[in-house]
K.L.:
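Questions regarding the structure given below will be posed in turn.
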Amino acid sequence: MKKRIAIFASGSGSNAQKIMEHFKYSNLAEVALVLSNNPEAYVLQRADNFEIPSHVFDKKTFYETEEIIDILKRLEIDLVVLAGFLWLVPQNLLKAFPNKIINIHPALLPKYGGKGMYGDTVHKTVLAAGDEEHGITIHFVNENFDEGEIIHQAKFKIEAEDTLEVIKFKGQQLEHQYFPKIIENLLKKYN
Ligand code: GRF
């Protein structure tokens, strides 16, 4: 049977798009559900375009009930992928999917992670620090923001003339290049 992926995203969902594209004709896995805390998130439109069902939930449901776990279990989800999802994952969900929840972060963790470190803030902080390199991290999710075990990192050199927009773009290119492949490699290891 194909492995089943659930994607959580709060915004645009360009990474979700790449993952849905990657697995559209795969024999290994499929994206079974897209979930969002944001009813306006463009990722929901993207899911629709792929005819993948989606589910929107609110904070109370996420943190105070088992509803999301029930949905994921009912759909026999094998891997939960956070792709631009901004809420901390609650303990009950972590326990229900041990080592089965991964995230992508737009920096080279453990630098530039933690609460509030998302979007442009990350890239602005990297530029202000004068770092010579920047990149992305794919990691397992635990009870703290951006702290789970690292699965893969990819880097690029920051050139003297690079602006915020440029490093953001370079990082996004790496995310799109690696995230679907890393997911595939992980799923190949599951029985
Ligand atoms: C990405 O930069 C990812 O690293 C971070 O959130 C962003 C999501 O972008 N966690 P998109 O919605 O996939 O375009």
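In this text, all values refer to a predicted model and were calculated from it rather than measured experimentally. As a basis for the values below, the full set of heavy atoms in this structure was taken, side chains included, without hydrogen atoms, waters or symmetry mates. One-based numbering, in listed order, for ligands and for the atoms of each. Along the sequence shown, residues carry numbers from 1.
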K.L.:
My understanding is that only residues two or more places apart in sequence, or in another chain, count here; which of them pass ring pair (Phe, Tyr, Trp, His ring centres under 6.0 Å) with Phe145?
P.N.:
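Once residues adjacent in sequence are excluded, Phe145 has no partner under the ring pair (Phe, Tyr, Trp, His ring centres under 6.0 Å) criterion.
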
K.L.:
Using a 4.0 Å cutoff against the non-hydrogen atoms of Ser14, which atoms of ligand 1 qualify?
P.N.:
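Here the atoms of ligand 1 in question are 11 (P), 12 (O), 13 (O), 14 (O).
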
K.L.:
Between Phe97 and Lys73, is there a cation-pi geometry (under 6.0 Å to ring centre, at most 45° from the normal)?
P.N.:
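Here Lys73 passes the 6.0 Å and 45° test against Phe97.
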
K.L.:
Does a side-chain heavy-atom distance below 4.5 Å link Ile183 with Phe23?
P.N.:
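They are in contact (side-chain heavy atoms under 4.5 Å apart), so the answer is yes.
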
K.L.:
Please name all residues satisfying ring pair (Phe, Tyr, Trp, His ring centres under 6.0 Å) with His123, sequence neighbours left out, ordered by chain then number.
P.N.:
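Counting only residues at least two positions away or on another chain, His123 forms a ring pair (Phe, Tyr, Trp, His ring centres under 6.0 Å) with His134.
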
K.L.:
Answer yes or no on whether Lys100 is positioned over the face of Tyr190, meaning its NZ or CZ is under 6.0 Å from the six-membered ring centre and within 45° of the axis.
P.N.:
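Judged by the rule, Lys100 and Tyr190 form a cation-pi pair.
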
K.L.:
Any nitrogen or oxygen of Gly13, side chain or backbone, less than 3.5 Å from one on ligand 1?
P.N.:
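Between Gly13 and ligand 1 (N or O atoms, distance only) the closest approach is under 3.5 Å.
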
K.L.:
So which heavy atom in the protein is nearest atom 6 (O) of ligand 1, and how far is it from that ligand atom?
P.N.:
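Going by distance alone, atom 6 (O) of ligand 1 is nearest to Gly84 CA, 3.3 Å.
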
K.L.:
Check the orientation of Phe8 and Phe62. Use parallel for under 30°, tilted for 30 to 60°, and perpendicular for over 60°.
P.N.:
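Ring orientation of Phe8 relative to Phe62: tilted.
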
K.L.:
Is Glu175 touching ligand 1 with its side chain, its backbone, both, or neither, if touching means heavy atoms under 4.0 Å apart?
P.N.:
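Within the 4.0 Å criterion, Glu175 contacts ligand 1 through side-chain atoms alone.
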
K.L.:
What do you reckon, does Phe85 have a nitrogen or oxygen under 3.5 Å from a nitrogen or oxygen of ligand 1?
P.N.:
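Between Phe85 and ligand 1 (N or O atoms, distance only) the closest approach is not under 3.5 Å.
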
K.L.:
Considering only protein heavy atoms, which is closest to atom 10 (N) of ligand 1, and at what distance to one decimal place?
P.N.:
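For atom 10 (N) of ligand 1, the nearest protein heavy atom is Ile104 O, 2.8 Å.
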
K.L.:
Under 4.0 Å from a heavy atom of His105: which atoms of ligand 1 are those, numbered in the order shown and with their elements?
P.N.:
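That gives atoms 4 (O) of ligand 1.
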
K.L.:
Within the structure, does Asn15 bring an N/O atom to less than 3.5 angstrom of an N/O atom in ligand 1?
P.N.:
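Yes, Asn15 has an N/O under 3.5 Å of an N/O on ligand 1.
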
